[in-house]
Amino acid sequence: MSVQPLRLAGCSGHGVLLVHGLTGAPAEMKPLAKRLARRGFEVHAPLLAGHGADEATLLRTTWRDWLDGLVEAYDRFAAEVDTVSVAGICVGGALGLMLAAERPSVRAAAVYSMTFEYDGWNMPRFAVAAPVIQLVANLPGVRRLAWAETHPFGLKDERLRGLAERAPGGLIEGAIDRLPLGALYQMYRMNRRLERIGKTIQTPTLILHASDDDMSHPRNAYRLETALGGPTRLHLLDDSYHMIHVDQERDRVAALTAAFFGEDAPYAVESLEMRSHV
């Protein structure tokens, strides 16, 4: 069965485009989508290019393909609703901001667990050599090497972690269970581009990150906040790991996102006034 986009109806005319992570699939956004739809948002979670199949298919795509597909999904969605905000996890969050750079009509953005570097407390030792990896990760014979997530799988919730342990790769329908270095190379290229153009992005942005993220240290969230040109609001969460949109504080992530997107003018307040660490 092919992996399908996710769509949930709302009643407010405010659409939210949800973007899954690298090797992920729309199904991972379902818990968040349900919570936002209950608050009246129309929700659409497209499948990124190269995803929903296998590592070989993913390796035939670049970050530009991922973004082009997202732009097409946004244009179709924007024609059906009054306004659109975008939210994404990890690479999905970065793609949402790249979308905002190309479509300034995006009303607001939310970025969960931004990852410029895989530098969390549970990352393998080779991850600290990221600058070197970025130089060689796309070379023939290297790009197909793949890395599988390890315990605790970005999850503090013991029930979800148990499901991930019993069925690695099966927790999210349509997800690819290993990350090939060639795709990691594309992530680094896109994020460096995002950092270079960040000051041109004026979209109000909510940044959520776990203070105990096992894959991505909170310094990545502060780095994103510094890079962006528009107003930002940054919250640190204290009872989740990397997958904050499905982990123990998923209700809070949804509530913070809905409140930020629902504000009349989130961009009317200076970023430093809006910033809170809780």
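Only a predicted model underlies this, so the values are computations on that prediction, with no experimental measurement involved.
Under the 3.5 Å distance criterion, the side-chain polar atoms of Ser211 are left unmatched by any main-chain donor or acceptor of His209. A distance-only check finds no donor-acceptor pair linking the side chain of Ser85 to the backbone of Phe261 [under 3.5 Å]. Between the side chain of Asn220 and the main chain of His217, a donor-acceptor pair closer than 3.5 Å is present. A donor-acceptor pair is defined here as one N or O able to donate and one able to accept, closer than 3.5 Å; such a pair exists between the side chain of Thr62 and the backbone of Arg64. Although no hydrogens or angles enter the test, the distance criterion places no donor-acceptor pair under 3.5 Å between the side chain of Arg35 and the main chain of Ala255. A donor-acceptor pair under 3.5 Å is formed between the side chain of Thr257 and the backbone N or O of Val253.
To the nearest 0.5 Å, the span separating CE on Met98 from CG on Leu194 amounts to 6.0 Å. In this structure, CZ on Arg219 lies 5.0 Å from CG on Asp119, to the nearest 0.5 angstrom. Rounding to the nearest 0.5 Å gives a distance of 8.0 Å between CG of Asn191 and OG1 of Thr115. Met187 CE to Trp66 CH2: the interatomic distance, rounded to the nearest 0.5 Å, is 8.5 Å. Separating the CG atom in Asp65 from the CG atom in Leu48 is a distance of 11.0 Å, to the nearest 0.5 Å. The distance from atom CZ of Arg193 to atom CG of Leu67, rounded to the nearest 0.5 Å, is 10.0 Å.
Taking the six-membered ring for Trp and thresholds of 30 and 60 degrees, His14 and Phe41 have ring planes more than 60 degrees apart, a perpendicular arrangement.
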Original post:
Run the side chain to side chain donor-acceptor pair (under 3.5 Å) check on Ser113 and Tyr241 step by step: do they pass?
Top reply: CA-CA 9 Å; Ser113 308; Tyr241 290 159; over 6 Å; no
Subject >> Test log, rule side-chain contact (heavy atoms from CB on, under 4.5 Å), inputs Leu58 and His51 >> reply: CA-CA 6 Å; Leu58 178 60; His51 289 70; 3.5 Å; yes
**OP:** Go through Leu256 and Leu208 one step at a time and tell me if the side-chain contact (heavy atoms from CB on, under 4.5 Å) criterion holds.
**Re:** CA-CA 9 Å; Leu256 288 168; Leu208 301 181; 3.9 Å; yes
**OP:** Just do the side-chain contact (heavy atoms from CB on, under 4.5 Å) check on Thr205 and Arg233 with the steps written out, would you?
**Re:** CA-CA 6 Å; Thr205 301; Arg233 181 182 300 174; over 6 Å; no
Original post:
Would Leu224 and Thr226 count as a side-chain contact (heavy atoms from CB on, under 4.5 Å) if you check the C-alpha gap in whole Å, the side-chain angles of each, and the deciding distance to 0.1 Å?
Top reply: CA-CA 5 Å; Leu224 178 62; Thr226 300; over 6 Å; no
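When hydrophobic clusters are built by joining Ile, Leu, Val, Met, Phe, Trp and Tyr residues whose side-chain heavy atoms come closer than 4.5 Å, directly or via intermediates, Val86 is grouped together with Ile201. Under the 4.5 Å side-chain heavy-atom criterion for ILVMFWY residues, a single connected hydrophobic cluster contains both Tyr188 and Val19. One hydrophobic cluster holds both Phe153 and Val246 under the rule that ILVMFWY side chains link at heavy-atom gaps under 4.5 Å. Residues Leu99 and Leu6 are members of separate hydrophobic clusters, defined by side-chain heavy-atom contacts under 4.5 angstrom among Ile, Leu, Val, Met, Phe, Trp and Tyr.
Of all the heavy atoms in Ala109 and Phe260, the pair that sits closest is O-CE2, 3.7 Å. Minimum heavy-atom separation, Val3 to Pro26: CG1-CD, 4.0 Å. The shortest heavy-atom contact between Val106 and Ala100 is CG2-CA, 4.1 Å. The two residues Gly229 and Gln202 have their closest heavy-atom pair at O-OE1, 3.5 Å. Of all heavy-atom pairs spanning Gly96 and Leu70, the tightest one is N-CD2, 4.3 Å. Scanning both residues, Ala27 and Glu173, for their nearest heavy atoms gives CB-O, 3.8 Å.
Side-chain contact check for His245 and Glu28: at least one donor-acceptor pair (N or O, by modelled atom type) lies under 3.5 Å. A donor-acceptor contact closer than 3.5 angstrom links the side chains of Ser2 and Gln4. Counted by atom type alone, Asp213 and Ser216 present zero donor-acceptor pairs between their side chains at under 3.5 Å.
Looking at Cys90 and Leu22, their side chains never come closer than 4.5 Å, going by heavy atoms from C-beta outward. Considering only heavy atoms from C-beta on, Leu95 comes within 4.5 Å of Met190 through its side chain. Between Asn122 and Met215, the closest side-chain pair of non-hydrogen atoms is not below 4.5 Å. Here the side chains of Pro46 and Tyr74 are not in contact, with every heavy-atom distance at 4.5 Å or above. In this structure, the side chains of Thr83 and Val81 stay at 4.5 Å or more apart for every pair of heavy atoms. Taking 4.5 Å as the limit, some side-chain heavy atom of Arg250 sits within range of a side-chain heavy atom of Asp157. Residues Arg7 and Glu42 have side chains in contact (heavy-atom distance under 4.5 Å, counting atoms from C-beta outward). Between Val84 and Val16, the closest side-chain pair of non-hydrogen atoms is not below 4.5 Å.
Under 4.0 Å is where a charged nitrogen must lie from a carboxylate oxygen, and between Lys156 and Glu249 no such pair does. A salt bridge does not link Arg107 to Glu263: none of the charged nitrogens lies less than 4.0 Å from a carboxylate oxygen.
Partner of Pro152 under the side-chain contact (heavy atoms from CB on, under 4.5 Å) criterion, chosen from His242, Met243, Arg161: Arg161. Tested against Ser240 for a side-chain contact (heavy atoms from CB on, under 4.5 Å), the candidates Asp247, Leu155, Asp214, Asp212 yield a single pass: Asp247.
No more than 12 heavy atoms of other residues, nucleotides or ligands shown are found within 6.0 angstrom of NZ on Lys34.
Both cation-pi conditions hold for Arg223 and Phe116: the charged atom is under 6.0 angstrom from the six-membered ring centre and inside a 45 degree cone around its axis.
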